[in-house]
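Okay, structure first, notes after.
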There are 2 protein chains.
Amino acid sequence: MTGSNTKSARTRAKILDAAALTFRLRGYAATTLKDIAEAADMQTGSLYYHFESKAKLMEEVLDKGIREVHAGVLKSQKELAADVSAEQRILSAVHAHLILLLKNGDYTSTNIRNFGQVPDEVHQHHIKLRKAYADLWRKILRQAQQEGALAADIDLALLRMLLMGALNWSVEWYQPDKTSIEAIAQQVCRMLFHGIGSSRPLKNASA
Amino acid sequence: MTGSNTKSARTRAKILDAAALTFRLRGYAATTLKDIAEAADMQTGSLYYHFESKAKLMEEVLDKGIREVHAGVLKSQKELAADVSAEQRILSAVHAHLILLLKNGDYTSTNIRNFGQVPDEVHQHHIKLRKAYADLWRKILRQAQQEGALAADIDLALLRMLLMGALNWSVEWYQPDKTSIEAIAQQVCRMLFHGIGSSRPLKNASA
DNA sequence: GTCTATAGGAAGATAGAC
DNA sequence: GTCTATCTTCCTATAGAC
């Protein structure tokens with residue numbers, strides 16, 4: 001019945017939202033079910049009608065976080081015209097990742113911030129989805145390299161991890177009222193493709 | 001008496017090491033004083049002779065983590081010959097940061113992984129040291145730009161945060177038996193300065 | 001479906017013997 | 001300085017009324 005619109009489904013969604021928010025702010029262990037219940041305007045005991053444990057609740061939040069960012073990046077790629085450059089495709093993926101992380105964000109950023117510190121069972125359960133998302137990026141980068149848009153000697157695994165790190169870390173510093181997400185994505189890609197050194201190709205490179 | 005070699009000081013250091021290790025693995029909230037005591041071969045109650053609370057213990061671990069990486073990067077800069085290029089200086093700083101994070105690492109990586117999720121009091125206490133470390137990087141990058149080694153239109157604040165993100169994230173993926181830290185640092189700097197695009201300046205650029 | 005009440009356990013911290 | 005024992009509090013989870 002996922003996604004149905006019964007009252008139960010709506011309450012369930014409200015709890016999940018509250019959990020994502022609270023987990024993101026405080027982390028898994030430091031979040032109590034009372035915190036979540038308060039954020040969802042309920043009593044602690046009532047949560048158990050919808051979720052069997054704190055761990056299961058976290059599992060769903062983490063899963064939804066990865067699914068959202070995965071779907072967002074995938075969509076960004078499908079919406080591109082067939083003939084756009086590899087740089088455009090990567091810019092689009094970077095932008096989509098940042099949007100999901102920083103704007104649509106409690107689920108995805110809970111995922112980023114807490115993945116390392118959940119109970120083993122939750123961690124294990126979640127690994128497959130993480131890998132699937134990593135595979136999407138592998139594919140994007142590999143294609144760019146095969147087309148010759150990325151230098152042949154770039155280590156794609158290293159590049160991917162550095163890029164994910166640079167992007168994911170933005171949850172720690174991003175301020176909505178400063179630079180726009182789109183501007184950040186553009187600058188990331190410009191530095192990435194053309195380098196920060198003064199000898200790099202100039203100006204119109206990112207147009 | 002910090003750094004003295006009395007028995008008390010040695011026990012204190014042993015507890016701190018155990019705490020850094022355990023906090024890094026499990027996070028602040030999920031770590032119990034019993035965990036720390038076990039890792040230090042003591043009983044829980046005995047910890048209180050040396051530290052007044054779990055929060056104070058975390059404060060010291062976090063402080064030591066930043067101090068170590070700050071000192072390491074500073075040392076890397078002082079040891080360079082006066083005439084090395086900006087790229088060399090940054091490579092050296094990147095390398096030092098990674099070494100502290102990945103090799104000498106429980107204090108620094110506890111810091112990276114848990115900074116967002118400690119009690120407010122601990123967080124507040126720690127902000128100054130974080131800022132001082134950020135200032136060191138600001139200075140390194142600004143100087144490189146002033147010398148003309150970084151393109152004039154690079155946003156240094158953004159660059160710094162992206163770079164810290166890319167480096168710090170390595171605690172999540174680094175495997176000691178794969179690529180060496182030195183090789184990672186070199187590749188990071190090569191991609192960073194010259195870009196990943198196929199049009200970038202070739203080969204000897206990083207020599 | 002949501003509430004109140006509470007069981008059962010573990011956590012941080014303290015007291016006092018040695 | 002370190003131990004054992006314990007206080008107090010808070011948390012997850014369950015039971016049963018409504």
Side-chain angles (χ1 to χ4, degrees), chain A residues 1-23 25-62 114 117-123 125, chain B residues 1-20 22-23 25-62 110 114 117-123 125:
Chain A
M1 294 293 172
T2 304
S4 78
N5 210 18
T6 60
K7 181 177 176 222
S8 179
R10 270 179 283 121
T11 305
R12 202 173 186 286
K14 188 173 68 174
I15 295 170
L16 219 48
D17 285 350
L21 174 67
T22 316
F23 283 141
L25 294 173
R26 294 204 244 277
Y28 177 74
T31 294
T32 70
L33 293 175
K34 190 153 171 282
D35 294 332
I36 296 173
E38 271 167 23
D41 272 312
M42 305 179 69
Q43 297 303 311
T44 309
S46 312
L47 300 177
Y48 285 87
Y49 179 80
H50 301 275
F51 296 92
E52 71 181 58
S53 71
K54 182 181 174 184
K56 288 282 179 190
L57 196 44
M58 185 56 156
E59 268 183 21
E60 284 209 36
V61 170
L62 290 180
N114 292 288
Q117 286 164 11
V118 294
D120 267 359
E121 19 153 357
V122 180
H123 200 273
H125 163 90
Chain B
M1 298 292 171
T2 303
S4 77
N5 211 17
T6 60
K7 182 179 174 218
S8 179
R10 271 179 281 123
T11 305
R12 204 173 183 287
K14 187 173 68 175
I15 294 170
L16 220 47
D17 286 349
T22 316
F23 283 141
L25 295 174
R26 294 204 244 278
Y28 177 74
T31 294
T32 70
L33 292 175
K34 193 156 170 280
D35 293 332
I36 296 173
E38 272 168 21
D41 274 313
M42 304 180 70
Q43 296 303 310
T44 310
S46 311
L47 300 178
Y48 286 87
Y49 179 80
H50 301 274
F51 297 92
E52 72 182 57
S53 71
K54 182 181 173 184
K56 287 282 180 189
L57 196 44
M58 185 56 154
E59 268 183 21
E60 285 210 36
V61 170
L62 290 180
T110 293
N114 292 288
Q117 287 163 10
V118 294
D120 267 0
E121 19 153 357
V122 180
H123 201 274
H125 163 89

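The chains referred to below are lettered A, B, ... by the order of the sequence lines, with proteins before strands, and numbering in each begins at 1. Please read all numbers here as calculations on a predicted model, not as lab measurements. Computation of the quantities below employed the complete heavy-atom set of this structure, encompassing side-chain atoms and omitting hydrogens, waters and symmetry-equivalent molecules.
- Annotation for B:Thr22 and B:Ala39: closest pair OG1-CB, 4.1 Å, computed over non-hydrogen atoms.
- Contacts classified as salt bridge (Lys or Arg N to Asp or Glu O under 4.0 Å) and involving residues 29-41 of chain A (residues at least two apart or in different chains) are given here: A:Arg26-A:Asp35, A:Lys34-A:Glu38.
- In terms of phosphate contacts, B:Tyr48 brings no side-chain nitrogen or oxygen within less than 4.0 Å of OP1 or OP2 of C:dT14.
- Among residues at least two apart or in separate chains, salt bridge (Lys or Arg N to Asp or Glu O under 4.0 Å) pairs with a member in residues 4-18 of chain A are A:Arg12-A:Glu60.
- The side chain to side chain contact (heavy atoms under 4.5 Å, CB included) check on A:Ala55 picks up A:Tyr28, A:Ser53, A:Glu121, A:Val122, with sequence neighbours excluded.
- Contacts of A:His50 classified as side-chain hydrogen bond (donor to acceptor under 3.5 Å, both in side chains), with partners at least two apart in sequence or in another chain: none.
- In this structure, B:Ile36 places its CD1 atom 11 Å from P of C:dA13, rounding to the nearest Å.
- Chain B approaches DNA chain D over the interval D:dG1 to D:dT4, counting the first and last nucleotide 5' to 3' with an atom under 4.0 Å from its heavy atoms.
- Among all heavy-atom pairs drawn from B:Val61 and B:Ala19, the shortest one is CG2-CB, 4.1 Å.
- What you find for A:Asn114 and A:Phe23 is that their closest heavy atoms are ND2-O, 3.2 Å.
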Could you list, one pair per line, each protein nitrogen or oxygen that sits under 3.5 Å from a nitrogen or oxygen of nucleotides 4-11 of chain C, together with the distance?
| unit_1 | atom_1 | unit_2 | atom_2 | d |
| --- | --- | --- | --- | --- |
| C:dT4 | OP2 | A:Gln43 | OE1 | 3.4 |

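- Residues B:Met58 and B:Thr110 form a side-chain contact, since some pair of their non-hydrogen atoms from C-beta on lies under 4.5 Å apart.
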